[in-house]
Number of protein chains: 2
Amino acid sequence: MHIESLISYFDNYLRLDEEEKAFIRKKFFEKQVKRRQFILQEGDVCRLNTFVVAGCFRMYMVDEKGKEHNLQFAIENWWIGDIDSFHKEKPSKLNIEAMENSIVLQIRKEDQLRLFVEHPKFNRIFRVFTENALISFQNRVLQNISSTAEERYLDFMDRYPNIFNRISNVQIASYLGVTPEFLSTIRKKLSRS
Amino acid sequence: MHIESLISYFDNYLRLDEEEKAFIRKKFFEKQVKRRQFILQEGDVCRLNTFVVAGCFRMYMVDEKGKEHNLQFAIENWWIGDIDSFHKEKPSKLNIEAMENSIVLQIRKEDQLRLFVEHPKFNRIFRVFTENALISFQNRVLQNISSTAEERYLDFMDRYPNIFNRISNVQIASYLGVTPEFLSTIRKKLSRS
DNA sequence: CAATTCCGGTGACCTTTGTCATGTCATTAA
DNA sequence: TTAATGACATGACAAAGGTCACCGGAATTG
């Protein structure tokens with residue numbers, strides 16, 4: 001049922017023919033993920049590419065002090081996975097955890113490669129996804145080295161209202177690279193303006 | 001002459017046939033860039049994808065206070081360009097400047113798209129480039145939100161010795177997101193260990 | 001429903017990093 | 001060769017952000 005959401009999603013980029021749709025229906029499989037469950041844990045190889053149909057995820061790294069650093073979130077119509085581990089088949093240093101009960105569609109690496117070979121249209125579509133992700137991360141790096149934490153917080157609020165409104169401040173602080181206490185200070189200052 | 005470097009470079013990824021090589025020779029053109037010259041300036045649309053044959057470049061943004069923030073460097077065998085401007089044909093907010101006399105090979109967007117359509121092997125090769133770039137930026141974001149400036153400086157030194165040894169500390173500081181004065185403090189501390 | 005966990009805020013104190021002015025030396029330009 | 005510019009370091013002072021302990025309330029779990 002949810003597979004049609006994914007087909008719709010691809011159709012927004014490039015119209016799919018029946019053979020392409022059949023391939024999608026055949027190779028993607030649906031999974032229910034409960035809150036606090038993982039679809040990737042550090043040390044494991046990331047063998048699946050994941051499309052979020054419903055719910056919210058965070059991909060994070062735990063540093064040597066045990067502190068968690070959120071690299072990215074993913075909500076409906078977003079893809080998530082550790083592409084480094086996925087393509088190089090090496091153990092991931094990242095974790096992907098459901099922040100609420102979620103539904104995803106997943107495809108194995110070998111099936112995704114078949115998809116690209118047998119249906120080159122997907123090669124193009126996925127390259128656009130990767131490019132868009134790269135652009136986002138470049139902007140994020142620039143922002144991290146040129147803006148204050150307050151500016152980054154306001155920008156996050158503006159840019160991702162659908163995420164901002166459903167995750168806790170602790171998670172936002174981790175994503176921005178500040179402590180929850182400091183974020184609280186920022187919020188207090190902003191509420192006075 | 002330098003075009004053969006590029007062909008060699010591609011050959012490391014996937015063996016090229018004669019037709020593919022002919023296309024490369026035909027569509028890429030060489031350019032000499034003097035130190036302090038730009039191959040992209042903010043406000044212009046980035047219409048060229050650039051491969052560095054010799055030399056060193058930096059891609060940076062100037063913030064509203066006039067401060068320059070280095071997003072990335074590029075030396076021999078690296079690609080550089082503002083992919084956001086390149087693909088969406090919108091004015092760039094970035095500048096790409098030669099840090100020393102350099103030689104590059106460049107291809108226009110429409111030729112690159114022809115390359116992908118007529119020679120799908122390049123679609124795959126460039127997707128690998130984009131994925132590798134994305135992985136680098138993800139790691140950089142993680143590092144920026146979880147490490148001290150000192151740790152980032154040491155990592156930069158280890159990871160990019162070929163860049164580290166040919167650019168000034170002012171440029172490194174800008175890339176790391178710290179002031180030159182603070183970097184000087186870090187270096188002093190390190191030289192005492 | 002009770003116990004536990006998590007979230008959000010607070011405050012004292014500390015560390016990291018920034019600002020600004022200054023001086024010296026190296027490099028570049030005229 | 002000289003003048004100008006840029007790089008690098010320094011130090012006093014300031015700002016941004018972190019640490020730690022604590023408290024109250026909301027959400028989650030059993």
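FYI, side chains are in, hydrogens and waters are out, and symmetry mates aren't considered; it's all heavy atoms of this structure. Every chain is numbered from 1 and lettered A, B, ... according to where its sequence line falls, protein lines coming before strand lines.
- C:dT17 atom C1' lies 13 Å from atom CD of B:E150, rounded to whole Å.
- Remark: B:R108 engages B:D111 in a salt bridge, criterion side-chain N to carboxylate O under 4.0 Å.
- Atom C1' of nucleotide C:dG18 and atom CD1 of A:I145 are separated by 15 Å, given to the nearest angstrom.
- Side chains of B:Y153 and B:M157 form a contact here, defined as non-hydrogen atoms less than 4.5 Å apart.
- Protein atom CG of B:N144 is 15 Å distant from nucleotide atom C1' of D:dG17, rounded to whole Å.
- Whole-Å rounding puts the A:E100 CD to D:dA27 P distance at 15 Å.
- Annotation: B:F122 is in aromatic contact with B:F10 [ring centroid separation under 6.0 Å].
- Residues from residues 167-189 of chain B that place a heavy atom under 4.0 Å from any atom of DNA chain C, listed by number: B:G177, B:V178, B:T179, B:E181, B:F182.
- Taking the side chain as every heavy atom from C-beta outward, B:K27 and B:Q112 never approach each other to under 4.5 Å.
- Side-chain N/O atoms of B:N95 and B:Q41 include no donor and acceptor closer than 3.5 Å.
- In this structure, the NZ atom of A:K65 is 12 Å from the P atom of D:dG18, given to the nearest Å.
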Expected string for nucleotides 25-30 of chain C under the B/S/- scheme (protein heavy atoms, under 4.0 Å, primed atoms plus P, OP1, OP2 as sugar-phosphate) is ------

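- Looking only at side-chain heavy atoms (C-beta outward), B:N132 and A:K88 come within less than 4.5 Å of each other.
- A distance below 6.0 Å separates the ring centres of B:W79 and B:F126.
- A cation-pi contact, defined as under 6.0 Å to the ring centre and within 45° of the axis, links A:R140 to A:Y175.
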